[in-house]
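Chain letters run A, B, ... following the sequence lines, proteins first, then strands; residues in each count from 1.
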Amino acid sequence: MVAPVRVRFAPSPTGEPHVGSLRTALFNYLFARQHRGTFIVRIEDTDRSRLVPGSDQRMFDALAWIGITMDEGPPVGGPHRPYVQSERLVLYREHAATLVAAGHAYECYCTTERLARLRAQGSVATMYDRTCRDLTEEERSQRRASGAPTVIRLKVPESGTFAHRDLIRGEVSFAASTVDDTVLMKSDGFPTYHLAHVVDDHLMEISHVIRGEEWLPSLPKHLCLYQAFGWAPPQFAHLPLLLGKDRSKLSKRHGSFSVQRFQDEGYVPPAVANFLALLGWNPGDERELFTLDELIHAFSLERVQPSGAVFDETKLAWMNLQHLRRFSDDEYGAQVQMYLKRIPSGVGERPPPWFALLARAVRERVKRFADIPALIGFVEALPPYEPRLLVPKKHTAAQARDGLAVARQALQVLPEAHWNVDAIRQGLDQAGQQVGDRTSVLWTTRVAITGQAVSPPVYESTALLDRAEALQRLSVAEERLNALR
RNA sequence: GGCCCCGUCGUCUAGGCUGGUCCAGGACACCACGCUUUCAAUGUGGUAACACGGGUUCGAAUCCCGUCGGGGCUACCA
């Protein structure tokens with residue numbers, strides 16, 4: 001019987017949730033669910049200077065948005081509460097004291113100024129010079145009496161090797177001589193990430209630590225801590241980094257990659273989850289469209305790649321369209337309605353059927369909801385256009401005038417109650433037959449209705465307008481055509 | 001500088017552990033043509049990669065060594 005799977009996602013509440021964090025959360029979640037394990041969220045807020053109030057809640061919202069549910073964490077509680085590190089300070093102090101008492105850690109009285117100077121001059125080694133490591137008891141009480149700020153440092157063995165079998169990279173090892181005597185407890189009484197993380201993971205019985213590759217260099221420190229405490233370390237899996245176009249770690253330099261931004265641009269949660277999952281993982285066959293549930297079944301840590309992955313938004317957009325297709329017109333319309341309400345779109349109040357119609361008009365020509373407003377701007381106001389635009393290529397103004405006239409007649413006979421796409425399509429198609437030239441009917445109508453050469457389909461575009469408004473625009477167009485010589 | 005990780009089409013990747021079926025497969029993007037007298041979507045076709053150099057072997061994208069390249073970390077931040 002193997003130990004139950006317990007994984008955790010441990011974000012720092014330092015700002016807007018980022019897609020990189022979301023991916024780490026997702027991999028942890030998929031792994032937990034697949035193994036019928038437990039997914040825990042823990043807030044790592046040990047750095048008071050970088051704390052941004054409210055960002056923990058933003059992160060919970062981002063997780064919920066993409067469909068990740070947590071089994072233990074600040075909002076839901078759990079057997080190992082509290083799940084916020086700033087509320088667990090006593091625990092860290094006790095454990096740090098234990099380490100000092102056992103000779104695995106020591107107090108350090110060096111000032112930050114001295115340490116900075118040390119780093120500045122030493123171009124070779126940037127590690128702590130261990131000045132306070134072997135002080136006598138007398139020397140220590142002397143320093144303490146002088147009121148010097150104190151930190152606690154890990155006493156790393158001078159020789160030996162820290163090795164571990166990473167689930168994604170295989171054997172990784174570090175010579176103890178290259179491992180720094182890291183600070184465990186800061187002078188403000190808060191633990192550093194290293195101490196808090198190891199203590200919590202052990203206390204919370206974490207079985208697998210799945211985190212970004214940027215943590216790989218601190219693995220030996222953590223292994224050293226487990227050793228010092230006499231605890232068995234969990235398994236580790238270091239995920240490949242998410243990269244920008246220039247192949248460096250995704251950061252602000254590359255623009256915004258906040259979860260918020262993707263919501264604002266109208267990407268849907270299953271598409272984002274699908275895309276993020278495929279960054280560094282693949283199912284081993286040629287499938288690439290997955291729902292969250294399908295991901296849970298297909299996922300495996302063994303199939304996660306070790307090399308970094310460039311975040312290609314073009315592919316995300318394509319994938320978004322694929323997921324958008326799973327909505328019916330009504331569902332799609334409802335989503336768009338909610339979306340347009342969130343952003344300033346210029347689209348006024350409309351009944352749900354109107355949005356279903358809108359869905360029909362735009363759904364195959366839009367990859368993200370953010371592209372919709374530009375496509376349907378003509379609905380609220382007819383854009384100015386050159387009368388010449390009404391004349392199709394290889395046609396004369398007279399032909400256009402005829403086509404338009406027949407089109408208007410065909411639509412005019414439609415009563416208000418029959419003002420719908422099907423009737424409009426029928427009317428215009430018949431008009432086209434009557435004239436014997438579809439182009440002169442359809443093209444002129446398109447321009448008259450939308451004021452543009454490029455627009456959603458004529459029938460839908462026309463139906464999106466009120467009957468009176470549509471007829472009005474056709475009349476206007478006829479006049480412009482008449483004025484054309 | 002030091003430590004560590006990584007290296008297949010522009011991008012995401014399959015294949016590598018168990019060498020031959022890979023003159024390297026799929027997807028996004030791109031190009032061409034078809035459909036549609038809009039745009040898009042879609043269909044068909046196409047361009048495009050095993051970083052380099054040595055080994056091992058009858059045979060290497062696959063194993064070994066080296067080089068080069070890229071990235072991460074190097075705080076009383078996570």
Side-chain angles (χ1 to χ4, degrees), chain A residues 10-14 21 44-51 85 108 110-112 115-116 119 122-128 149-153 166 168-170 172-175 177-180 182-194 196-197 211-220 238 240-241 243 245-249 275 278-289 303 305-319 321 325 362-367 371 375 392-395 437-440 442-443 446-447 450 452-458 461:
Chain A
S12 291
T14 55
S21 311
E44 311 220 317
D45 59 346
T46 53
D47 182 358
R48 297 116 63 251
S49 64
R50 293 203 311 154
L51 195 129
Q85 290 187 330
C108 168
C110 295
T111 63
T112 48
L115 295 175
R119 271 192 297 274
S123 57
V124 183
T126 54
M127 286 164 59
Y128 175 56
T150 303
V151 303
I152 293 176
R153 284 182 186 273
D166 184 271
I168 293 171
R169 283 148 224 284
V172 286
S173 70
F174 306 79
S177 59
T178 64
V179 181
D180 204 359
T182 309
V183 171
L184 262 21
M185 288 295 290
K186 302 182 256 188
S187 58
D188 65 359
F190 277 70
T192 57
Y193 168 85
H194 305 293
H197 151 96
R211 51 164 33 168
E213 192 194 334
E214 69 266 34
W215 292 111
L216 199 49
S218 52
L219 180 59
H238 290 90
L241 256 22
L243 275 24
K245 283 234 179 293
D246 62 355
R247 298 204 75 87
S248 68
K249 187 176 160 187
F275 178 70
L278 256 26
L279 248 27
W281 171 85
N282 74 81
D285 52 41
E286 286 173 357
R287 289 174 299 163
E288 51 180 358
L289 258 24
R303 295 204 61 87
Q305 281 237 302
S307 48
V310 174
F311 190 105
D312 177 13
E313 202 163 335
T314 312
K315 184 144 188 179
L316 202 211
W318 170 81
M319 197 164 272
L321 176 61
R325 283 190 170 146
V362 303
R363 61 181 311 160
E364 286 304 324
R365 31 184 64 71
V366 145
K367 287 180 175 156
D371 298 328
L375 222 48
K393 282 174 189 161
K394 299 177 194 164
H395 283 66
D437 173 26
R438 283 167 56 80
T439 306
S440 66
L442 298 180
W443 177 265
R446 157 176 279 113
V447 175
T450 68
Q452 300 159 338
V454 174
S455 78
V458 217
S461 295

Checklist entry - Can you list the residues that meet the ring-ring contact (aromatic ring centres under 6.0 Å, His included) rule with A:Tyr128, with sequence neighbours excluded? => result none
Checklist entry - Just checking A:Ser248: base, sugar-phosphate only, or nothing, at a heavy-atom cut-off of under 4.0 Å? => result sugar-phosphate
Checklist entry - According to the Watson-Crick and G-U wobble definitions, with both distances under 3.5 Å, which nucleotide is paired to B:rG43? => result B:rC33
Next on the checklist: Apply side chain to side chain contact (heavy atoms under 4.5 Å, CB included) to residues A:Lys367 and A:Leu321 and explain how you reach the verdict.
Outcome noted: CA-CA 5 Å; A:Lys367 287 180 175 156; A:Leu321 176 61; 4.2 Å; yes
Next on the checklist: I'd like the C1' distance from B:rC73 over to B:rG55, given in whole Å.
Outcome noted: 34 Å
Item to check | Nearest-angstrom distance, C1' atom, B:rC9 to B:rG46 | outcome: 14 Å
Next on the checklist: Does B:rU13 have its OP1 or OP2 closer than 4.0 Å to a side-chain nitrogen or oxygen of A:Asn282?
Outcome noted: no
Next on the checklist: Heavy atoms only, 4.0 Å cut-off, all strands: where does A:Pro220 land among base, sugar-phosphate and nothing?
Outcome noted: nothing
Checklist outcome for this item: Here the distance between atom C1' of B:rC17 and atom CD1 of A:Ile168, to the nearest Å, is 17 Å
Item to check | salt bridge (charged side-chain N to carboxylate O under 4.0 Å, His left out) partners for A:Asp188, two or more places apart | outcome: A:Arg48
Next on the checklist: Does A:Ala309 reach a base, just sugar-phosphate, or nothing at all? Heavy atoms under 4.0 Å.
Outcome noted: sugar-phosphate
N/O to N/O distances under 3.5 Å, protein versus nucleotides 43-45 of chain B:
none

Item to check | Sequence-distant partners of A:Thr150, side chain to side chain contact (heavy atoms under 4.5 Å, CB included), two or more places apart | outcome: A:Glu107, A:Tyr109
Checklist entry - How long is the line joining CZ of A:Arg365 and C1' of B:rC39, in whole Å? => result 6 Å
Checklist outcome for this item: Whether each nucleotide of nucleotides 73-78 of chain B has a protein heavy atom under 4.0 Å at its base (B), only at its sugar-phosphate (S) or at neither (-) is summarised, 5' to 3', as SSSBBB
Next on the checklist: Is there a side-chain contact between A:Pro240 and A:Arg169 in this structure, where contact means two heavy atoms from C-beta onward sitting under 4.5 Å apart?
Outcome noted: yes
Checklist entry - Between A:Phe275 and A:Phe311, what is the ring plane arrangement, given parallel below 30°, perpendicular above 60°, and tilted in between? => result perpendicular
Checklist entry - With a non-hydrogen cut-off below 4.0 angstrom, is A:Val172 in contact with a base, only sugar-phosphate, or nothing? => result sugar-phosphate
Item to check | Whole-Å distance separating the CG atom of A:Leu243 from the P atom of B:rG7 | outcome: 13 Å
Item to check | Nearest-angstrom distance from the residue atom NZ of A:Lys245 to P of B:rG71 | outcome: 16 Å
Checklist entry - When the P atoms of B:rC6 and B:rU44 are considered, how many whole Å apart are they? => result 39 Å
Next on the checklist: Within the 4.5 Å heavy-atom criterion, are A:Thr46 and A:His197 side-chain neighbours or not?
Outcome noted: no
Checklist entry - Partners of A:Asp45 by salt bridge (charged side-chain N to carboxylate O under 4.0 Å, His left out), sequence neighbours excluded? => result none
Checklist entry - Expressed in angstrom and rounded to an integer, what is the separation of A:Glu213 atom CD from B:rG71 atom P? => result 13 Å
Checklist entry - With A:Glu288, which residues qualify under side chain to side chain contact (heavy atoms under 4.5 Å, CB included), at least two apart? => result A:Leu278, A:Lys315, A:Trp318
Next on the checklist: Looking at B:rC17, which nucleotide sits across from it as a Watson-Crick or G-U wobble partner, both distances under 3.5 angstrom, or is there none?
Outcome noted: none
Next on the checklist: So A:Arg446, base contact, sugar-phosphate only, or nothing? Heavy-atom distance under 4.0 Å.
Outcome noted: base
Next on the checklist: The criterion is side chain to side chain contact (heavy atoms under 4.5 Å, CB included); which residues satisfy it with A:Ser461, sequence neighbours excluded?
Outcome noted: A:Phe378, A:Ile449, A:Thr450, A:Ser455, A:Pro456
Item to check | For A:Arg303, salt bridge (charged side-chain N to carboxylate O under 4.0 Å, His left out) partners two or more places apart | outcome: none
Checklist entry - When rounded to the nearest Å, what value does the distance between C1' atoms of B:rU13 and B:rA49 take? => result 12 Å
Next on the checklist: What's A:Arg438 touching, base or sugar-phosphate or nothing? Going by heavy atoms closer than 4.0 Å.
Outcome noted: sugar-phosphate
Next on the checklist: What's the gap between B:rA60 and B:rG43 when it is taken at their C1' atoms, as a whole Å value?
Outcome noted: 39 Å
Checklist outcome for this item: Any strand, both distances under 3.5 Å, Watson-Crick or G-U wobble: B:rC73 pairs with B:rG2
Item to check | Base partner of B:rC23, which must satisfy Watson-Crick or wobble distances under 3.5 Å | outcome: none
Next on the checklist: Using a heavy-atom cut-off of 4.0 Å across all strands, would you classify A:Gly212 as base, sugar-phosphate, or nothing?
Outcome noted: nothing
Checklist entry - Over how many whole Å does the gap from A:Leu279 atom CG to B:rA14 atom P extend? => result 12 Å
Checklist entry - Side chains of A:Arg446 and A:Pro392: does their closest heavy-atom pair fall under 4.5 Å? => result no
Checklist entry - Can a side chain N or O of A:Arg247 be found less than 4.0 Å away from OP1 or OP2 on B:rU11? => result yes
Item to check | Backbone of A:Val183 reached by a side-chain donor or acceptor of A:Thr192 within 3.5 Å | outcome: yes
Checklist entry - Think A:Arg211 has a side-chain N or O under 4.0 angstrom from the OP1 or OP2 of B:rG72? => result no
Item to check | Nearest-angstrom distance, P atom, B:rC17 to B:rC3 | outcome: 30 Å
Next on the checklist: From CD of A:Glu364 over to P of B:rU42, roughly how many Å is that when rounded to an integer?
Outcome noted: 7 Å
Checklist entry - Across the strands shown, which category fits A:Arg287 at heavy-atom distances under 4.0 angstrom: base, sugar-phosphate, nothing? => result nothing
Item to check | Pair assignment for B:rG7, Watson-Crick or G-U wobble, requiring both distances under 3.5 Å | outcome: B:rC68
Checklist outcome for this item: Looking only at B:rU13, B:rA41, B:rC6, the nucleotide nearest the A:Pro306 side chain is B:rC6
Next on the checklist: What's the gap between B:rC33 and B:rG25 when it is taken at their P atoms, as a whole Å value?
Outcome noted: 25 Å
Next on the checklist: Taking any heavy-atom pair under 4.0 Å as a contact, classify A:Arg325: base, sugar-phosphate, or nothing.
Outcome noted: sugar-phosphate
Checklist entry - In B/S/- notation, 5' to 3', how is nucleotides 26-34 of chain B contacted by protein heavy atoms closer than 4.0 Å? => result SBSS-----
Next on the checklist: Go nucleotide by nucleotide along RNA chain B from the 5' end; which of A:Gln305 and A:Phe174 gets its closest nucleotide reached first?
Outcome noted: A:Phe174
Item to check | A:His395 vs A:Gly284, nearer the 5' end of RNA chain B by closest nucleotide | outcome: A:Gly284
Item to check | Nearest-Å distance once atom P is located in both B:rA14 and B:rU8 | outcome: 10 Å
Checklist entry - A:His194: what forms a ring-ring contact (aromatic ring centres under 6.0 Å, His included) with it, not counting sequence neighbours? => result A:His222
Item to check | Whole angstrom value for the distance that separates C1' of B:rU11 from CG of A:Leu241 | outcome: 17 Å
Checklist entry - For A:Glu214, what residues pass the salt bridge (charged side-chain N to carboxylate O under 4.0 Å, His left out) criterion, not counting sequence neighbours? => result none
Checklist entry - Heavy atoms under 4.0 Å, any strand shown: does A:Ser49 hit a base, just sugar-phosphate, or nothing? => result nothing
